[in-house]
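Atoms within a ligand are numbered from 1 in the order they appear, just like the ligands themselves. Worth saying up front: this structure is predicted, and the values here are computed from it rather than measured.
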Amino acid sequence: MKRILVTGGAGFVGSHLCERLLNEGNDVICLDNYFTGNKENVVHLLDNPYFELVRHDITEPFYAEVDEIYNMACPASPVHYQYNPIKTIKTSVMGAINTLGLAKRVKAKILQASTSEVYGDPTVHPQPESYWGNVNPIGIRSCYDEGKRCAETLFMDYHSQNDVAIKIIRIFNTYGPRMNPNDGRVVSNFIMQALRGEDITIFGDGKQTRSFQYVDDLVEGIIRMMNSDPKFLGPVNLGNPNEFTMLELAEAVIRLTNSNSKLKFMPLPQDDPKQRQPDINLAKEKLDGWQPNIQLEEGLLETIKYFKTKI
Ligand SMILES: NC(=O)c1ccc[n+]([C@@H]2O[C@H](COP(=O)([O-])OP(=O)(O)OC[C@H]3O[C@@H](n4cnc5c(N)ncnc54)[C@H](O)[C@@H]3O)[C@@H](O)[C@H]2O)c1
(Lines give C-alpha, C1' and ligand atoms only; values in the text may rest on other atoms or scores of the structure.)
Protein backbone atom coordinates (compact mmCIF):
# COMPACT_ATOMS: atom_id res chain seq x y z
CA MET A 1 0.00 0.00 0.00
CA LYS A 2 1.39 3.41 -1.00
CA ARG A 3 0.75 6.57 1.00
CA ILE A 4 -0.17 9.27 -1.48
CA LEU A 5 -0.67 13.00 -1.05
CA VAL A 6 -3.08 14.73 -3.43
CA THR A 7 -2.97 18.53 -3.16
CA GLY A 8 -6.15 20.16 -4.41
CA GLY A 9 -7.79 16.78 -3.76
CA ALA A 10 -11.20 18.29 -3.01
CA GLY A 11 -11.36 19.91 -6.44
CA PHE A 12 -12.90 18.60 -9.63
CA VAL A 13 -10.01 16.51 -10.98
CA GLY A 14 -8.42 15.91 -7.56
CA SER A 15 -11.55 14.28 -6.14
CA HIS A 16 -11.75 11.80 -9.05
CA LEU A 17 -8.06 11.06 -8.59
CA CYS A 18 -8.46 10.45 -4.81
CA GLU A 19 -11.34 8.08 -5.55
CA ARG A 20 -9.33 6.12 -8.11
CA LEU A 21 -6.24 5.89 -5.86
CA LEU A 22 -8.35 4.63 -2.96
CA ASN A 23 -10.03 2.07 -5.22
CA GLU A 24 -6.58 0.79 -6.13
CA GLY A 25 -5.86 0.14 -2.44
CA ASN A 26 -3.74 3.17 -1.54
CA ASP A 27 -3.69 5.33 1.56
CA VAL A 28 -4.66 8.83 0.43
CA ILE A 29 -4.14 12.20 2.09
CA CYS A 30 -6.26 14.86 0.42
CA LEU A 31 -5.04 18.38 1.11
CA ASP A 32 -7.12 21.41 0.14
CA ASN A 33 -7.83 24.98 1.24
CA TYR A 34 -11.34 24.80 -0.32
CA PHE A 35 -10.81 27.91 -2.43
CA THR A 36 -12.50 26.37 -5.44
CA GLY A 37 -12.87 22.82 -4.16
CA ASN A 38 -15.53 21.54 -1.87
CA LYS A 39 -15.91 18.99 0.89
CA GLU A 40 -18.98 17.74 -0.96
CA ASN A 41 -16.68 16.43 -3.71
CA VAL A 42 -15.05 13.97 -1.30
CA VAL A 43 -17.72 13.46 1.35
CA HIS A 44 -18.43 9.99 -0.05
CA LEU A 45 -14.81 9.03 0.68
CA LEU A 46 -14.80 10.08 4.34
CA ASP A 47 -15.97 6.68 5.60
CA ASN A 48 -12.90 5.04 4.09
CA PRO A 49 -10.29 4.56 6.86
CA TYR A 50 -7.53 5.01 4.28
CA PHE A 51 -8.72 8.49 3.35
CA GLU A 52 -7.64 11.61 5.26
CA LEU A 53 -8.85 15.13 4.53
CA VAL A 54 -6.59 18.00 5.60
CA ARG A 55 -7.41 21.70 5.38
CA HIS A 56 -4.15 23.33 4.35
CA ASP A 57 -2.90 26.00 1.97
CA ILE A 58 0.03 24.85 -0.13
CA THR A 59 1.61 28.27 -0.10
CA GLU A 60 2.64 27.14 3.41
CA PRO A 61 4.93 24.13 3.94
CA PHE A 62 3.30 20.82 4.80
CA TYR A 63 4.96 17.73 6.16
CA ALA A 64 3.88 14.09 5.86
CA GLU A 65 5.68 10.82 5.17
CA VAL A 66 4.42 9.93 1.71
CA ASP A 67 5.57 7.84 -1.26
CA GLU A 68 3.95 9.91 -3.98
CA ILE A 69 2.58 13.42 -4.42
CA TYR A 70 0.09 14.59 -7.04
CA ASN A 71 0.25 18.40 -7.05
CA MET A 72 -3.18 19.40 -8.34
CA ALA A 73 -3.80 22.49 -6.16
CA CYS A 74 -4.50 25.63 -8.18
CA PRO A 75 -7.69 27.34 -9.26
CA ALA A 76 -8.15 26.31 -12.88
CA SER A 77 -10.87 28.46 -14.37
CA PRO A 78 -10.28 32.08 -15.43
CA VAL A 79 -13.00 33.51 -13.15
CA HIS A 80 -11.41 31.84 -10.16
CA TYR A 81 -7.75 32.39 -10.95
CA GLN A 82 -8.33 36.02 -11.94
CA TYR A 83 -10.23 36.69 -8.68
CA ASN A 84 -6.94 36.97 -6.79
CA PRO A 85 -4.11 36.80 -9.34
CA ILE A 86 -1.33 37.24 -6.77
CA LYS A 87 -2.66 34.32 -4.77
CA THR A 88 -2.92 32.26 -7.97
CA ILE A 89 0.71 32.72 -8.90
CA LYS A 90 1.75 32.13 -5.28
CA THR A 91 -0.20 28.87 -5.30
CA SER A 92 1.63 27.67 -8.43
CA VAL A 93 5.10 28.87 -7.50
CA MET A 94 5.22 28.59 -3.70
CA GLY A 95 3.03 25.49 -3.89
CA ALA A 96 5.58 23.91 -6.24
CA ILE A 97 8.48 24.89 -3.97
CA ASN A 98 6.72 23.51 -0.88
CA THR A 99 5.62 20.24 -2.46
CA LEU A 100 8.99 19.73 -4.18
CA GLY A 101 10.74 20.45 -0.86
CA LEU A 102 8.58 17.77 0.77
CA ALA A 103 9.29 15.32 -2.08
CA LYS A 104 13.01 15.94 -1.71
CA ARG A 105 12.90 15.47 2.07
CA VAL A 106 10.87 12.24 2.11
CA LYS A 107 12.12 10.96 -1.27
CA ALA A 108 8.65 10.89 -2.78
CA LYS A 109 7.87 10.82 -6.48
CA ILE A 110 5.96 13.98 -7.45
CA LEU A 111 3.66 14.80 -10.37
CA GLN A 112 2.81 18.33 -11.42
CA ALA A 113 -0.56 19.15 -12.97
CA SER A 114 0.51 21.68 -15.56
CA THR A 115 -1.68 22.95 -18.32
CA SER A 116 -2.12 23.56 -22.03
CA GLU A 117 -2.14 27.25 -21.01
CA VAL A 118 1.67 27.07 -21.04
CA TYR A 119 1.26 27.20 -24.84
CA GLY A 120 -0.65 30.52 -24.54
CA ASP A 121 -2.21 31.56 -27.85
CA PRO A 122 -0.34 28.96 -29.91
CA THR A 123 1.14 29.61 -33.32
CA VAL A 124 1.68 25.87 -33.83
CA HIS A 125 -1.27 23.57 -34.26
CA PRO A 126 -1.79 20.99 -32.79
CA GLN A 127 0.62 21.64 -29.93
CA PRO A 128 3.42 19.13 -29.32
CA GLU A 129 5.33 19.22 -26.02
CA SER A 130 8.37 20.60 -27.85
CA TYR A 131 6.50 23.85 -28.64
CA TRP A 132 7.55 26.61 -26.23
CA GLY A 133 4.34 28.58 -26.41
CA ASN A 134 3.18 32.10 -27.09
CA VAL A 135 2.29 33.57 -23.72
CA ASN A 136 1.62 37.16 -22.75
CA PRO A 137 3.61 37.70 -19.53
CA ILE A 138 1.57 40.75 -18.38
CA GLY A 139 -2.01 39.95 -19.38
CA ILE A 140 -4.99 38.91 -17.30
CA ARG A 141 -4.24 35.19 -17.81
CA SER A 142 -0.55 35.53 -16.95
CA CYS A 143 -0.94 34.79 -13.22
CA TYR A 144 -2.05 31.31 -14.23
CA ASP A 145 -0.01 30.69 -17.39
CA GLU A 146 3.27 32.06 -16.08
CA GLY A 147 2.74 30.51 -12.64
CA LYS A 148 2.37 27.10 -14.25
CA ARG A 149 5.37 27.70 -16.52
CA CYS A 150 7.48 28.65 -13.52
CA ALA A 151 6.28 25.54 -11.67
CA GLU A 152 7.45 23.38 -14.60
CA THR A 153 10.87 25.08 -14.37
CA LEU A 154 11.02 24.39 -10.64
CA PHE A 155 10.14 20.74 -11.21
CA MET A 156 12.91 20.35 -13.78
CA ASP A 157 15.42 22.16 -11.56
CA TYR A 158 14.60 20.10 -8.46
CA HIS A 159 15.14 17.04 -10.61
CA SER A 160 18.46 18.09 -12.11
CA GLN A 161 19.85 19.76 -8.98
CA ASN A 162 18.45 17.49 -6.24
CA ASP A 163 17.55 14.32 -8.11
CA VAL A 164 13.86 14.51 -7.14
CA ALA A 165 11.75 12.00 -9.11
CA ILE A 166 9.37 14.21 -11.06
CA LYS A 167 6.62 13.91 -13.65
CA ILE A 168 4.93 16.76 -15.51
CA ILE A 169 1.61 16.53 -17.32
CA ARG A 170 0.01 19.27 -19.39
CA ILE A 171 -3.74 18.97 -19.05
CA PHE A 172 -6.00 20.23 -21.82
CA ASN A 173 -9.64 21.28 -21.21
CA THR A 174 -11.28 18.64 -19.05
CA TYR A 175 -14.91 18.32 -18.05
CA GLY A 176 -17.14 15.98 -16.12
CA PRO A 177 -19.16 15.58 -12.93
CA ARG A 178 -17.99 17.73 -9.95
CA MET A 179 -16.90 20.60 -12.15
CA ASN A 180 -17.87 23.75 -10.39
CA PRO A 181 -21.15 24.84 -12.06
CA ASN A 182 -20.21 28.52 -11.61
CA ASP A 183 -16.63 28.35 -12.82
CA GLY A 184 -17.38 30.24 -16.03
CA ARG A 185 -15.80 27.54 -18.19
CA VAL A 186 -17.49 26.86 -21.44
CA VAL A 187 -18.85 23.36 -20.75
CA SER A 188 -20.29 24.26 -17.34
CA ASN A 189 -21.63 27.59 -18.66
CA PHE A 190 -23.40 26.04 -21.60
CA ILE A 191 -24.92 23.18 -19.58
CA MET A 192 -26.13 25.42 -16.75
CA GLN A 193 -27.58 27.94 -19.21
CA ALA A 194 -29.31 25.18 -21.19
CA LEU A 195 -30.74 23.54 -18.06
CA ARG A 196 -32.06 26.91 -16.84
CA GLY A 197 -33.48 27.72 -20.28
CA GLU A 198 -31.30 30.87 -20.48
CA ASP A 199 -29.54 32.18 -23.59
CA ILE A 200 -26.26 30.37 -24.29
CA THR A 201 -23.48 32.96 -24.37
CA ILE A 202 -20.90 32.50 -27.09
CA PHE A 203 -17.81 34.70 -27.09
CA GLY A 204 -16.74 35.97 -30.48
CA ASP A 205 -18.25 34.27 -33.51
CA GLY A 206 -18.17 30.82 -31.89
CA LYS A 207 -15.81 29.47 -34.53
CA GLN A 208 -12.85 29.22 -32.14
CA THR A 209 -12.17 25.58 -31.36
CA ARG A 210 -11.41 23.67 -28.19
CA SER A 211 -10.86 20.01 -27.47
CA PHE A 212 -12.58 18.50 -24.45
CA GLN A 213 -11.42 15.54 -22.46
CA TYR A 214 -13.64 13.59 -20.09
CA VAL A 215 -12.27 13.41 -16.55
CA ASP A 216 -12.01 9.58 -16.42
CA ASP A 217 -9.70 9.60 -19.45
CA LEU A 218 -7.53 12.24 -17.77
CA VAL A 219 -7.31 10.30 -14.48
CA GLU A 220 -6.23 7.19 -16.39
CA GLY A 221 -3.49 9.23 -18.08
CA ILE A 222 -2.36 10.80 -14.79
CA ILE A 223 -1.99 7.39 -13.09
CA ARG A 224 -0.17 5.93 -16.10
CA MET A 225 2.20 8.90 -16.08
CA MET A 226 2.98 8.51 -12.37
CA ASN A 227 3.76 4.81 -12.96
CA SER A 228 5.67 5.29 -16.21
CA ASP A 229 9.39 4.69 -16.77
CA PRO A 230 11.28 6.76 -14.13
CA LYS A 231 13.46 8.21 -16.89
CA PHE A 232 10.40 9.71 -18.58
CA LEU A 233 9.76 13.02 -16.83
CA GLY A 234 7.45 14.67 -19.37
CA PRO A 235 6.06 17.15 -19.93
CA VAL A 236 3.38 15.12 -21.63
CA ASN A 237 0.10 16.39 -23.07
CA LEU A 238 -3.08 14.78 -21.76
CA GLY A 239 -6.11 15.83 -23.73
CA ASN A 240 -8.61 14.79 -26.33
CA PRO A 241 -7.51 15.81 -29.83
CA ASN A 242 -11.09 15.85 -31.19
CA GLU A 243 -11.77 19.51 -31.86
CA PHE A 244 -15.13 21.22 -31.71
CA THR A 245 -16.14 24.81 -32.36
CA MET A 246 -18.02 26.58 -29.59
CA LEU A 247 -21.04 26.59 -31.89
CA GLU A 248 -20.91 22.80 -32.24
CA LEU A 249 -20.59 22.41 -28.47
CA ALA A 250 -23.55 24.72 -27.82
CA GLU A 251 -25.69 22.81 -30.30
CA ALA A 252 -24.76 19.44 -28.71
CA VAL A 253 -25.61 20.75 -25.23
CA ILE A 254 -28.97 22.15 -26.38
CA ARG A 255 -29.82 18.82 -28.04
CA LEU A 256 -28.77 16.63 -25.09
CA THR A 257 -30.60 18.75 -22.52
CA ASN A 258 -33.71 19.16 -24.72
CA SER A 259 -33.44 22.87 -24.04
CA ASN A 260 -35.17 25.80 -25.75
CA SER A 261 -32.16 28.06 -25.15
CA LYS A 262 -31.05 30.43 -27.92
CA LEU A 263 -27.50 31.50 -28.76
CA LYS A 264 -26.28 34.95 -27.65
CA PHE A 265 -23.00 36.33 -29.04
CA MET A 266 -20.67 38.44 -26.83
CA PRO A 267 -17.26 40.10 -27.44
CA LEU A 268 -14.19 37.86 -27.09
CA PRO A 269 -12.31 38.30 -23.76
CA GLN A 270 -8.68 39.55 -23.77
CA ASP A 271 -6.05 36.92 -24.66
CA ASP A 272 -8.62 34.21 -25.39
CA PRO A 273 -6.78 31.56 -27.44
CA LYS A 274 -8.37 31.00 -30.84
CA GLN A 275 -7.39 27.37 -31.18
CA ARG A 276 -6.08 24.71 -28.83
CA GLN A 277 -5.58 21.04 -29.67
CA PRO A 278 -3.23 18.54 -28.06
CA ASP A 279 -0.74 16.46 -29.97
CA ILE A 280 -0.94 13.24 -27.93
CA ASN A 281 1.62 11.13 -29.78
CA LEU A 282 4.06 11.28 -26.88
CA ALA A 283 1.41 10.12 -24.40
CA LYS A 284 0.49 7.24 -26.72
CA GLU A 285 4.11 6.21 -27.03
CA LYS A 286 5.18 6.58 -23.39
CA LEU A 287 1.97 5.69 -21.55
CA ASP A 288 1.14 2.28 -23.02
CA GLY A 289 -1.00 3.56 -25.86
CA TRP A 290 -3.02 5.91 -23.66
CA GLN A 291 -5.69 7.84 -25.54
CA PRO A 292 -9.08 9.24 -24.63
CA ASN A 293 -11.91 6.72 -24.99
CA ILE A 294 -14.96 8.67 -23.91
CA GLN A 295 -16.51 10.69 -26.68
CA LEU A 296 -18.06 14.11 -26.19
CA GLU A 297 -21.69 13.06 -26.24
CA GLU A 298 -21.23 10.28 -23.66
CA GLY A 299 -19.24 12.57 -21.37
CA LEU A 300 -21.70 15.42 -21.76
CA LEU A 301 -24.59 13.16 -20.73
CA GLU A 302 -22.79 12.21 -17.47
CA THR A 303 -21.98 15.85 -16.80
CA ILE A 304 -25.54 16.99 -17.50
CA LYS A 305 -26.82 14.33 -15.07
CA TYR A 306 -24.55 15.77 -12.36
CA PHE A 307 -25.43 19.40 -13.10
CA LYS A 308 -29.14 18.61 -12.86
CA THR A 309 -28.51 17.85 -9.16
CA LYS A 310 -27.06 21.36 -8.77
CA ILE A 311 -30.01 23.30 -10.18
N1 LIG B 1 -9.86 21.05 -15.45
C2 LIG B 1 -9.12 21.42 -16.47
O3 LIG B 1 -9.61 21.56 -17.59
C4 LIG B 1 -7.65 21.67 -16.28
C5 LIG B 1 -6.89 22.01 -17.40
C6 LIG B 1 -5.53 22.25 -17.24
C7 LIG B 1 -4.94 22.12 -16.00
N8 LIG B 1 -5.69 21.79 -14.93
C9 LIG B 1 -5.02 21.72 -13.63
O10 LIG B 1 -5.47 20.60 -12.89
C11 LIG B 1 -5.54 20.93 -11.51
C12 LIG B 1 -6.94 20.65 -11.00
O13 LIG B 1 -7.88 21.46 -11.71
P14 LIG B 1 -9.44 21.36 -11.46
O15 LIG B 1 -10.12 21.55 -12.75
O16 LIG B 1 -9.75 20.17 -10.64
O17 LIG B 1 -9.68 22.70 -10.63
P18 LIG B 1 -10.40 22.91 -9.22
O19 LIG B 1 -10.44 24.39 -9.00
O20 LIG B 1 -11.69 22.17 -9.16
O21 LIG B 1 -9.39 22.21 -8.24
C22 LIG B 1 -8.29 22.86 -7.67
C23 LIG B 1 -8.27 22.52 -6.19
O24 LIG B 1 -7.12 23.16 -5.60
C25 LIG B 1 -7.53 23.78 -4.38
N26 LIG B 1 -6.62 24.88 -4.11
C27 LIG B 1 -6.49 26.05 -4.79
N28 LIG B 1 -5.54 26.81 -4.24
C29 LIG B 1 -5.04 26.10 -3.19
C30 LIG B 1 -4.03 26.35 -2.23
N31 LIG B 1 -3.35 27.51 -2.21
N32 LIG B 1 -3.79 25.41 -1.30
C33 LIG B 1 -4.50 24.24 -1.28
N34 LIG B 1 -5.46 23.94 -2.16
C35 LIG B 1 -5.72 24.87 -3.10
C36 LIG B 1 -8.95 24.23 -4.64
O37 LIG B 1 -9.68 24.48 -3.46
C38 LIG B 1 -9.49 23.05 -5.45
O39 LIG B 1 -10.01 22.05 -4.61
C40 LIG B 1 -5.13 22.40 -11.39
O41 LIG B 1 -3.78 22.47 -11.03
C42 LIG B 1 -5.33 22.94 -12.78
O43 LIG B 1 -4.48 24.02 -13.06
C44 LIG B 1 -7.04 21.58 -15.04
Side-chain angles (χ1 to χ4, degrees), residues 5-19 29-42 53-62 69-99 110-119 127 141 143-152 155 168-188 210-219 221-222 225 235-240 273 276 278 292 299 303 306:
L5 173 66
V6 180
T7 75
F12 158 51
V13 178
S15 62
H16 287 273
L17 185 60
C18 287
E19 199 172 294
I29 304 173
C30 166
L31 180 155
D32 209 293
N33 71 349
Y34 307 118
F35 174 50
T36 49
N38 201 314
K39 278 188 193 163
E40 235 177 76
N41 287 340
V42 288
L53 185 55
V54 180
R55 180 191 291 265
H56 183 82
D57 193 306
I58 57 152
T59 58
E60 301 292 335
F62 176 77
I69 304 169
Y70 291 85
N71 188 30
M72 312 300 292
C74 187
S77 78
V79 277
H80 291 140
Y81 70 65
Q82 285 162 10
Y83 171 76
N84 185 344
I86 296 172
K87 177 73 190 198
T88 299
I89 198 159
K90 277 185 174 173
T91 295
S92 276
V93 176
M94 293 164 70
I97 292 170
N98 288 329
T99 47
I110 179 165
L111 177 143
Q112 166 66 359
S114 190
T115 169
S116 57
E117 297 288 330
V118 300
Y119 300 122
Q127 295 83 51
R141 302 173 81 101
C143 59
Y144 184 71
D145 302 6
E146 297 289 22
K148 290 284 189 181
R149 286 168 69 94
C150 182
E152 287 197 10
F155 267 68
I168 301 172
I169 54 166
R170 290 183 179 154
I171 305 173
F172 283 67
N173 277 343
T174 304
Y175 71 100
R178 300 195 208 123
M179 276 182 100
N180 190 322
N182 304 314
D183 69 4
R185 284 193 270 192
V186 65
V187 175
S188 39
R210 290 289 184 280
S211 57
F212 303 102
Q213 155 178 246
Y214 189 65
V215 64
D216 290 358
D217 285 328
L218 171 62
V219 169
I222 294 176
M225 179 57 173
V236 65
N237 290 337
L238 294 178
N240 191 328
R276 197 64 87 42
T303 314
Y306 170 77

Could you work out, for [atom], the closest of [options] by heavy-atom distance?
{"atom": "atom 8 (N) of ligand 1", "options": "Tyr34, Tyr81, Tyr144, Phe12", "answer": "Tyr144"}
{"atom": "atom 44 (C) of ligand 1", "options": "Ser92, Ala10, Ser116, Ala76", "answer": "Ala76"}
{"atom": "atom 29 (C) of ligand 1", "options": "Asn33, Asn84, Ile169, Thr59", "answer": "Asn33"}

What do you reckon, does [X] put a non-hydrogen atom under 4.0 Å from ligand 1?
{"X": "Asp32", "value": "yes"}
{"X": "Arg185", "value": "yes"}
{"X": "Glu117", "value": "no"}
{"X": "Asn173", "value": "yes"}

Would you kindly specify which portion of [X] sits under 4.0 Å from ligand 1, judged on non-hydrogen atoms: side chain, backbone, both or neither?
{"X": "Ile171", "answer": "both"}
{"X": "His56", "answer": "backbone"}
{"X": "Ser114", "answer": "backbone"}

Next item on the list: Could you tell me whether some N/O pair between Gly11 and ligand 1 is separated by less than 3.5 angstrom?
Entry: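 Yes.
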Notebook entry, point to check: Judging by distance only, is a nitrogen or oxygen of Val13 under 3.5 angstrom from one on ligand 1?
Noted result: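 Among all N and O atoms of Val13, at least one is under 3.5 Å from an N or O of ligand 1.
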Check: Any salt bridge (charged side-chain N to carboxylate O under 4.0 Å, His left out) pairs touching residues 73-97, not counting sequence neighbours?
Finding: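 Salt bridge (charged side-chain N to carboxylate O under 4.0 Å, His left out) check on residues 73-97 returns Asp57-Lys87.
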Margin query: Looking only at the side chains, is there a donor atom on one of Ser211 and Asn240 sitting less than 3.5 Å from an acceptor on the other?
Written below: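 There is no such pair between these side chains.
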Next item on the list: Using distance alone, with no hydrogens and no angle criterion, decide if Tyr175 and Arg185 have a side-chain donor and acceptor under 3.5 Å apart.
Entry: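 No pair is found: no donor N or O on one side chain lies under 3.5 Å from an acceptor on the other.
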Item checked: Those residues that, when tested against Asp216, pass side chain to side chain contact (heavy atoms under 4.5 Å, CB included) (two or more places apart) ->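 Once residues adjacent in sequence are excluded, the partners of Asp216 under the side chain to side chain contact (heavy atoms under 4.5 Å, CB included) criterion are His16, Tyr214, Ile294.
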Check: Do Asn237 side-chain atoms and Gln127 backbone N/O form a donor-acceptor pair below 3.5 Å?
Finding: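 Present.
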Checklist line | Numbered atoms and elements of ligand 1 in range of Thr115, under 4.0 angstrom, heavy atoms | finding: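 Numbered from 1, ligand 1 contributes 6 (C), 7 (C).
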Check: salt bridge (Lys or Arg N to Asp or Glu O under 4.0 Å) between Arg170 and Glu152: does it pass, once the steps are laid out?
Finding: CA-CA 10 Å; Arg170 290 183 179 154; Glu152 287 197 10; 2.7 Å; yes
